[in-house]
J.: 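Below: one structure in structure tokens.
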Amino acid sequence: MVRPTILWLRRDLRLHDHPALLAAHEEAGSGGVLPLFVVEPGLWDGAGEVRRRWLAQSLQALAASYDHRLVLRYGDPASVVPAVAAEVDARAVHVTRESTPHGRRRDAAVERALGDVPLRATGTPYAVAPGRVLKGDGTPYAVFTPFARAWHDHGWPGPADAPRRIRWAASDSDDQAVTAVSDAADGEQLVQPGEDAALGRWDDFVEEAVAAYDTDRDRAAVDGTSRISPYLKLGVVHPRTLLQRIAHLRSNGAATMRTELAWREFYADVLWHHPRSAWHDLRPALTGMDYDEPGDLVDAWKAGRTGYPFVDAGMRQLLATGWMHNRVRMVTASFLTKDLHVWWPIGARHFLDHLVDGDLASNNHGWQWVSGTGTDAAPYFRVFNPVTQGERFDPDGDYVRRWVPELRHLDGKAVHQPWKHADGHAHGYPERVVDHAEERREALRRYEAVR
DNA sequence: TGATTATTTGA
DNA sequence: CAAATAATC
């Protein structure tokens, strides 16, 4: 009697450097590993089109690398996973350990529902497991820089062994999941799906761009960032693999790249210790802050029609591609929270709905950083000037012209202040919805009131 | 991983 | 008096 194990996939859609897959393989013996992905209604139905497309295409690429044995099911994992386990008489269900509030609740519910079938968690989506790095007194770090130092000193193992001849077990997908995924998979994508594409992208980046990353990553019009985040979001690559491939590099660019990966680990660690910070102010510093209710101005912000070119370019890039340059994320977030005086979760929700790399911990804590409510956050008085930021990080105006066609007739950095040119608004570009200088003062007044 | 304003510096 | 630097929000 041979019994398979189930590998229930979530944020680990890859073949290599996959400890949970190796553990499932080890335990299964000749019974084989049944790879299962559950399309969760709560996560799938609310996701934007571009986000769904990225997941769908990533699943198709994964299926190909799993000899097309990947099983897709639609429904609540607490009923679906035990049902599949019963169908195939599974020995155990293997997963990569989750650290988000939803993931932890869900996995606990699945474990209860599985009854006698054990749920075995191996590894995490991080180089160092969230919660592992602690201060000398046993409490978590609240400030990034000391965390990053301790994280680096803690170190991490090298990539897991390459799997050798995994024996896959077989079962059927359900129609609803198959249809959902195949319908969603149509269309262009920011980057190519799949593990091979991810590793290729990273190798290109290491070869061509990482040395200049510390300066080029801030230039909105330059393809100076790695664009590896959509892969990290779904675990198409493991950060350990990425870190290993830049470990021998001593350039400032490589160091900055390691620091960016450390930010991802830091925010996952913060979320592990403070699950409520996903959607609530982490620090009570701004309790009682006077926010405006979302209205027409927020709609203008979402549509990229605020009249501030750098902001609008970013918001349109987000809608069109499911991605936004990180510098512009900070500027657009500052605009919503400090020029429009809207509470950060409104913006965080919009980003998460559309970003193909939308990761709860990184996204929402990034928003808290901008709004001044996060741990180690920007001080409340730090307000980005959308014009100055545009002129500094898109000095030639190419980024704005790429995403805001109504401004293509303006040359150079003139695009950043169309109101200064007689024909600036000649092609339908909207007037500024607010006056930045005035709203900056208003933001400072409101912050002052709760200080 | 700011911006603004006041102040100092140096051609 | 423009540009660097410091102080302040």
Side-chain angles (χ1 to χ4, degrees), chain A residues 141-149 151 210 212-222 224-229 252-267 270 282-283 285-286 289-290 308-311 314 323-341 344 347-348 351 355 357 359 361-395 399 413 416-417 432 434-451:
Chain A
Y141 284 94
V143 178
F144 172 71
T145 305
F147 170 87
R149 192 173 300 123
W151 171 79
V210 73
Y213 178 71
D214 52 323
T215 52
D216 281 1
R217 77 201 178 95
D218 261 335
R219 302 195 52 186
V222 176
T225 67
S226 68
R227 296 206 182 183
I228 209 71
S229 56
N252 289 337
T256 304
M257 187 71 237
R258 278 190 284 274
T259 301
E260 293 304 308
L261 289 167
W263 273 106
R264 176 175 176 275
E265 308 253 334
F266 175 59
Y267 282 148
V270 171
L282 179 58
R283 290 188 311 135
L286 302 181
M289 178 76 182
D290 180 24
Y308 285 91
F310 201 47
V311 172
W323 191 81
M324 195 195 302
H325 192 282
N326 185 57
R327 166 57 52 179
V328 194
R329 294 188 197 195
M330 292 191 275
V331 176
T332 54
S334 179
F335 193 84
L336 183 75
T337 55
K338 303 195 176 175
D339 288 70
L340 303 185
H341 319 295
W344 64 266
F351 272 31
L355 284 169
D357 63 12
D359 171 89
S362 297
N363 181 67
N364 291 29
H365 289 132
W367 273 89
Q368 294 219 43
W369 180 86
V370 170
S371 77
T373 60
T375 184
D376 197 16
Y380 70 94
F381 48 77
R382 189 173 286 172
V383 179
F384 286 74
N385 181 319
V387 175
T388 312
Q389 287 280 314
E391 288 175 344
R392 189 184 307 168
F393 298 111
D394 181 29
Y399 177 75
K413 70 173 193 178
H416 291 297
Q417 293 180 277
R432 290 166 286 181
V434 295
D435 178 76
H436 170 71
E438 199 174 296
E439 300 310 331
R440 174 178 175 275
R441 285 191 295 272
E442 172 66 13
L444 294 176
R445 271 197 296 276
R446 294 191 191 196
Y447 282 114
E448 196 61 37
V450 296
R451 210 156 64 88

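The chains referred to below are lettered A, B, ... by the order of the sequence lines, with proteins before strands, and numbering in each begins at 1. Just so it is clear, the values below take in all heavy atoms, side chains as well, and ignore hydrogens, waters and symmetry mates.
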J.: Could you tell me the separation between the CG atom of A/Asp339 and the CG atom of A/Asp435, rounded to the nearest 0.5 Å?
T.: 9.0 Å
J.: When you measure from the side chain of A/Ser362 to the backbone of A/Asp359, do you find a donor-acceptor pair of N or O atoms at a distance under 3.5 Å?
T.: no
J.: With a strict under 4.0 Å distance from non-hydrogen atoms of chain A, what nucleotide opens and what nucleotide closes the contacted stretch of DNA chain B, reading 5' to 3'?
T.: B/dT1 to B/dT4
J.: Students often get this wrong, so: under 4.0 angstrom with heavy atoms, is A/Gln389 touching a base, only sugar-phosphate, or nothing?
T.: sugar-phosphate
J.: So, is the end of the A/Arg327 side chain (NZ or CZ) under 6.0 Å from the ring centre of A/Phe393 and within 45° of the ring's axis?
T.: yes
J.: When we call it a touch if two heavy atoms are under 4.0 Å apart, what does A/Arg329 touch: a base, just sugar-phosphate, or nothing?
T.: nothing
J.: Would you check if A/Thr375 and A/Val143 make a side-chain contact, meaning some heavy-atom pair closer than 4.5 Å?
T.: no
J.: Salt bridge (Lys or Arg N to Asp or Glu O under 4.0 Å): which pairs involve residues 256-266 of chain A, sequence neighbours left out?
T.: A/Arg217-A/Glu260
